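Below: the structure, in structure tokens.
In this chain, residues are counted from 1 in sequence order. Since the model is a prediction, treat every value here as computed from it, not as a measurement.
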Amino acid sequence: MRWTLVIPLKPLARAKSRLADTASDAVRPGLALAFAQDTVAAALACAAVRDVAVVTGDARAGRELSALGARVVADEPGGGLNAALAHGAGFVRSRDPESAVAALNADLPALRPLELARVLAAAMEFPRAFLADAAAIGTTLLTASPGLELRPAFGGDSRARHRASGAAELGLDAVDSVRRDVDTRDDLRAALALGVGPRTAAAAARLLIPGQ
């Protein structure tokens with residue numbers, strides 16, 4: 001089974017506000033785009049991934065991510081993260097009702113294709129499954145097997161919400177790159193230590209990050 005990944009991306013001008021202490025308003029949109037570009041490129045390089053659908057209302061992000069090979073789906077609901085994911089999953093299923101669908105965060109700049117493949121292989125054992133983030137509070141990936149709704153509940157304590165929804169938590173080791181989303185300076189420092197993709201590396205090189 002190969003997966004279609006649905007990746008949501010908010011307008012770049014509003015992205016990554018918690019990195020305000022690290023990147024200025026002028027720099028953050030480019031940094032958020034770099035995260036998404038490296039995430040999409042790594043996802044498309046994963047043998048378990050058939051294709052990637054990016055849900056966004058940002059024209060620049062749409063152009064850049066389409067150039068990498070992603071399908072771009074307009075964020076028509078405009079109702080936030082979970083509405084975008086439900087819309088993206090619906091778009092995918094309207095064209096292929098038997099598609100296996102997974103929601104993936106757009107801010108995984110250290111993502112490794114082989115680690116993503118391990119997570120998706122483990123998810124095949126369950127109707128719905130999820131992977132908690134590095135902080136063990138949120139979620140970086142949520143899967144739904146063919147014929148099942150994704151039922152995303154991202155944001156805040158999404159680990160608990162996804163578990164309560166009946167999704168199986170994947171307790172895998174050595175998949176740090178799939179867990180390492182980036183919201184804060186410390187998150188970015190941790191991602192850089194893992195080794196980020198080329199676009200994030202170039203963007204981060206222009207920032208002054210103590211301890212980097």
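Environment of CG in L114: sparse, with no more than 12 heavy atoms of neighbouring residues, nucleotides or ligands closer than 6.0 Å. Few gaps surround CD on E169; more than 12 heavy atoms of other groups in view lie less than 6.0 Å from it.
Under 4.0 Å is where a charged nitrogen must lie from a carboxylate oxygen, and between R28 and D25 at least one such pair does. Residues R50 and D96 are paired through a salt bridge, judged by an N-O separation under 4.0 Å between the basic side chain and the carboxylate.
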- Task: Start with the C-alpha gap between D38 and T200, add the side-chain angles, then the distance that decides, and say whether side-chain hydrogen bond (donor to acceptor under 3.5 Å, both in side chains) holds.
- Result: CA-CA 7 Å; D38 286 335; T200 301; 2.8 Å; yes
- Task: I would like to know whether R60 and L33 meet side-chain contact (heavy atoms from CB on, under 4.5 Å); could you show each step before the answer?
- Result: CA-CA 9 Å; R60 177 188 176 194; L33 178 59; 3.6 Å; yes
- Item | Derivation and outcome, side-chain contact (heavy atoms from CB on, under 4.5 Å), residues L207 and L31 | CA-CA 10 Å; L207 304 175; L31 189 61; 4.0 Å; yes
- Could you check F126 against L170 for side-chain contact (heavy atoms from CB on, under 4.5 Å), going step by step and ending with a plain yes or no? CA-CA 10 Å; F126 305 97; L170 301 173; 3.8 Å; yes
- Message: Between R179 and D133, does the salt bridge (Lys or Arg N to Asp or Glu O under 4.0 Å) criterion hold? Intermediate values first, please.
- Response: CA-CA 4 Å; R179 297 185 186 274; D133 64 10; over 6 Å; no
- Task: Run the numbers on L131 and T139 for side-chain contact (heavy atoms from CB on, under 4.5 Å), then give the verdict.
- Result: CA-CA 6 Å; L131 186 74; T139 303; 5.9 Å; no
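There is no side-chain donor-acceptor pair under 3.5 Å between S145 and R128. Remark: the S177 side chain and the R112 side chain contain no N/O donor-acceptor pair separated by less than 3.5 Å. Using modelled atom types, one finds no donor on one side chain facing an acceptor on the other under 3.5 Å when comparing T56 with D75. Between the side chains of D51 and T4, at least one donor N or O lies within less than 3.5 Å of an accepting N or O.
Hydrophobic cluster membership differs between V49 and V101, with clusters built from Ile, Leu, Val, Met, Phe, Trp and Tyr side chains linked at under 4.5 angstrom.
R199 has its side chain within reach of L68: a pair of non-hydrogen atoms, C-beta onward, lies under 4.5 Å apart. V73 has its side chain out of reach of V54: every pair of non-hydrogen atoms, C-beta onward, lies at least 4.5 Å apart.
A side chain to side chain contact (heavy atoms under 4.5 Å, CB included) with T39 is found for one member of V52, L108, L116 and no other, namely L108.
No donor-acceptor distance shorter than 3.5 angstrom exists from the side chain of K10 to the backbone of D58, with no hydrogens or angles considered. No donor-acceptor distance shorter than 3.5 angstrom exists from the side chain of R18 to the backbone of T184, with no hydrogens or angles considered.
For the pair R95 and F91, the cation sits on the ring face: its NZ or CZ lies under 6.0 Å from the ring centre, inside 45° of the axis.
Ring-plane geometry between F154 and H162 is classed as perpendicular, the angle between the planes exceeding 60 degrees on a 0 to 90 degree scale with a lower cut at 30.
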